[in-house]
Amino acid sequence: MANVMPTKREQTERSSLQQSEQSNESQPAPLSEQKAEHQEELPTIVNELDTMKSKAKSEHKPAKRLSARYKSHTQSRIGIRAGAGYASIVALGEMIEDYSIRPHYTLEEHGSTVPTLGLFVLLRKDRLAVELAADYTWLSANLVEHKQAGNIHEKTMFRYHVIIPQVALRLYLLDNFYMGAGVALALPTNPGGLDFTSDRPNMLASADKLIQAHLRETLRAKPQATPLVKVGYSSFKNGIEASLQYGYGLTDLIKTNDNPYGYHPARNNCHLFLLTVGYTIPIKHILKSTR
């Protein structure tokens, strides 16, 4: 069967159809379809960004600082305190007996429980405070001697009533808890404050009184410089004070005068522990009440 050749008109129509199909394939998609595709992609991108931000925050989150809460204070207060403590005086036996010969005795030195009562003023600025105080207490100790000759026991009790003015600096480590250091001066009010007793028979009681008089005449208390340290609690809200204080008598407490009784000079340092509680009020309240 003979091939039929297309006419020029049919060839022209076919070429125009092919060109239109190619133009349709190369033409971009409509804007509505592009917007739909972008809207589908946006939530995915936002979710990925949120996930990355949360991870970055968790990785770079700063550690919490553990620090005590502290309130600023600027105030002047006056207070009273009382308590008890323990005192000891060293080298008492060195004044009474001479260790250069073979001893025919034994000596025992003991500290003593003491009371205390004081007044103080507190000037505080934030974490620092200055304490000005005057305390009354005893510097006390006992010396017990057992003499082998005659099997006699002698006891000498040293009890010096002292007024101790002091200046101390406080550092508040926490809101109400502090530690401090300062200097003080122990001023004896009874320089001859000692008593002598023994278990001698009553008929020899006059000998004990004579020995006591010799001791009081020869051994005289004098002022003693005392550095001190302390820790305590001080509340500016309710006025309660509590402290533990240690003082070391740096200088010699007892002077040994020249004597014919055989008593010897010695360096008598002291140890003094005081545990007190007290109460303070603002100074401005007192000034208002006096007006």
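Side-chain atoms are counted along with the backbone in the values below, which use heavy atoms only and exclude waters and symmetry mates. Small disclaimer: the values here were computed from a predicted structure and weren't measured.
A 4.5 Å side-chain heavy-atom check between V130 and R170 finds every atom pair outside the cut-off. The side-chain heavy atoms of I96 and L215, taken from C-beta on, include a pair separated by under 4.5 Å. Contact check for L143 versus F158: side-chain heavy atoms found under the 4.5 Å cut-off. With a 4.5 Å cut-off on side-chain heavy atoms, L253 and L139 count as touching. Side-chain contact between V162 and Q224 is absent, with no heavy atoms from C-beta onward closer than 4.5 Å. Using a 4.5 Å heavy-atom cutoff, the side chains of M95 and I254 are in contact. Between K230 and Y178, some side-chain heavy-atom pair lies under the 4.5 Å cut-off.
More than 12 heavy-atom neighbours from other residues, nucleotides or ligands sit within 6.0 angstrom of NZ on K222.
R124 contributes a side-chain N or O that, together with a main-chain N or O of D126, makes up a donor-acceptor pair within less than 3.5 Å. In this structure, the side chain of N202 does not engage the main chain of A205 through any donor-acceptor pair within 3.5 Å. N269 places a side-chain N or O within 3.5 Å of a backbone atom of L250 that can act as its donor or acceptor partner. Within the 3.5 Å criterion, the main-chain N or O of L123 finds no donor-acceptor partner in the side chain of S76. Using modelled atom types, one side-chain atom of E109 and one backbone atom of G93 make a donor-acceptor pair closer than 3.5 Å. Looking only at distances, a side-chain donor or acceptor of N268 sits under 3.5 Å from a matching main-chain atom of V90. Side-chain atoms of T137 come within 3.5 Å of backbone atoms of P115 as a donor-acceptor pair (strictly under, hydrogens ignored). Judged purely by atom type and a 3.5 angstrom limit, S243 has no side-chain atom pairing as donor or acceptor with the backbone of Q245.
A distance of 12.5 Å separates CZ of F273 from OG1 of T113, quoted to the nearest 0.5 Å. In this structure, the separation between CD1 on I78 and CD1 on I281 is 7.0 Å, given to the nearest 0.5 Å. Between the OG1 atom in T106 and the NE2 atom in H146 there is a gap of 6.0 Å [rounded to 0.5 Å]. Of the inter-residue distances, the one linking N176 atom CG with F236 atom CZ reads 9.0 Å to the nearest 0.5 angstrom. With rounding to the nearest 0.5 Å, the separation of CG in N142 from OG in S88 is 11.0 Å. For the atom pair OH of Y172 and OH of Y233, the computed distance is 10.5 Å after rounding to the nearest 0.5 Å.
Neither L228 nor L272 shares a network with the other; the hydrophobic side chains, linked directly or stepwise wherever heavy atoms of I, L, V, M, F, W or Y lie under 4.5 Å apart, form separate groups for each. Cluster membership for I89 and I163, using ILVMFWY side-chain heavy atoms within less than 4.5 angstrom, is shared. L171 and V167 sit in two unconnected hydrophobic clusters of ILVMFWY residues. Membership requires side-chain heavy atoms under 4.5 Å apart, directly or through other members. Taking hydrophobic clusters as Ile, Leu, Val, Met, Phe, Trp and Tyr residues chained together by side-chain heavy-atom distances below 4.5 Å, L194 does not share a cluster with V144. With hydrophobic clusters built from ILVMFWY side chains whose heavy atoms lie under 4.5 angstrom apart, L169 does not share a cluster with M179.
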Given side-chain hydrogen bond (donor to acceptor under 3.5 Å, both in side chains), test E241 with S234 step by step and report yes or no.
-> CA-CA 5 Å; E241 286 264 341; S234 175; 2.5 Å; yes
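With sequence neighbours left out, the ring-ring contact (aromatic ring centres under 6.0 Å, His included) criterion links F120 to no other residue. By the salt bridge (Lys or Arg N to Asp or Glu O under 4.0 Å) test, R81 is found to be paired with E131, D135, residues two or more places apart in sequence or in another chain being considered. Every residue meeting the ring-ring contact (aromatic ring centres under 6.0 Å, His included) condition with Y261, not counting sequence neighbours, appears here in chain and number order: H214. For E108, the side-chain hydrogen bond (donor to acceptor under 3.5 Å, both in side chains) test picks out H110, with sequence neighbours left out. By the side-chain hydrogen bond (donor to acceptor under 3.5 Å, both in side chains) test, D258 is found to be paired with no residue, residues two or more places apart in sequence or in another chain being considered. Partners of Y86 according to the ring-ring contact (aromatic ring centres under 6.0 Å, His included) rule, which considers only residues two or more places apart in sequence or in another chain, do not exist here.
Applying the under-4.5 Å side-chain rule to Ile, Leu, Val, Met, Phe, Trp and Tyr, the cluster around I80 extends to L117, L119.
Among residues at least two apart or in separate chains, there is no salt bridge (charged side-chain N to carboxylate O under 4.0 Å, His left out) pair with a member in residues 265-282. Counting only residues at least two apart or on different chains, the side-chain hydrogen bond (donor to acceptor under 3.5 Å, both in side chains) pairs with a member in residues 246-257 are Y246-H271. Screening residues 177-190 for salt bridge (charged side-chain N to carboxylate O under 4.0 Å, His left out), with sequence neighbours left out, gives no hits. For the side-chain hydrogen bond (donor to acceptor under 3.5 Å, both in side chains) condition, the pairs that include at least one residue of residues 191-201, sequence neighbours left out, are H153-D199, E154-R200, D195-R216, S198-R200, S198-D208, R200-D208.
Closest of all the heavy-atom pairs between K147 and E145 is CE-OE2, 3.3 Å. S112 and A141 get closest at one heavy-atom pair: CB-N, 4.3 Å. Summarising the geometry of T226 relative to G249, their closest heavy-atom pair is OG1-CA, 4.0 Å, with the distance given to 0.1 Å.
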Show me the donor-acceptor pairs within less than 3.5 Å that the side chains of residues 182-193 make with the rest of the protein, sequence neighbours left out.
| unit_1 | atom_1 | unit_2 | atom_2 | d |
| --- | --- | --- | --- | --- |
| T189 | OG1 | H161 | O | 3.0 |
| N190 | OD1 | H161 | N | 2.8 |
| N190 | ND2 | R159 | O | 3.2 |

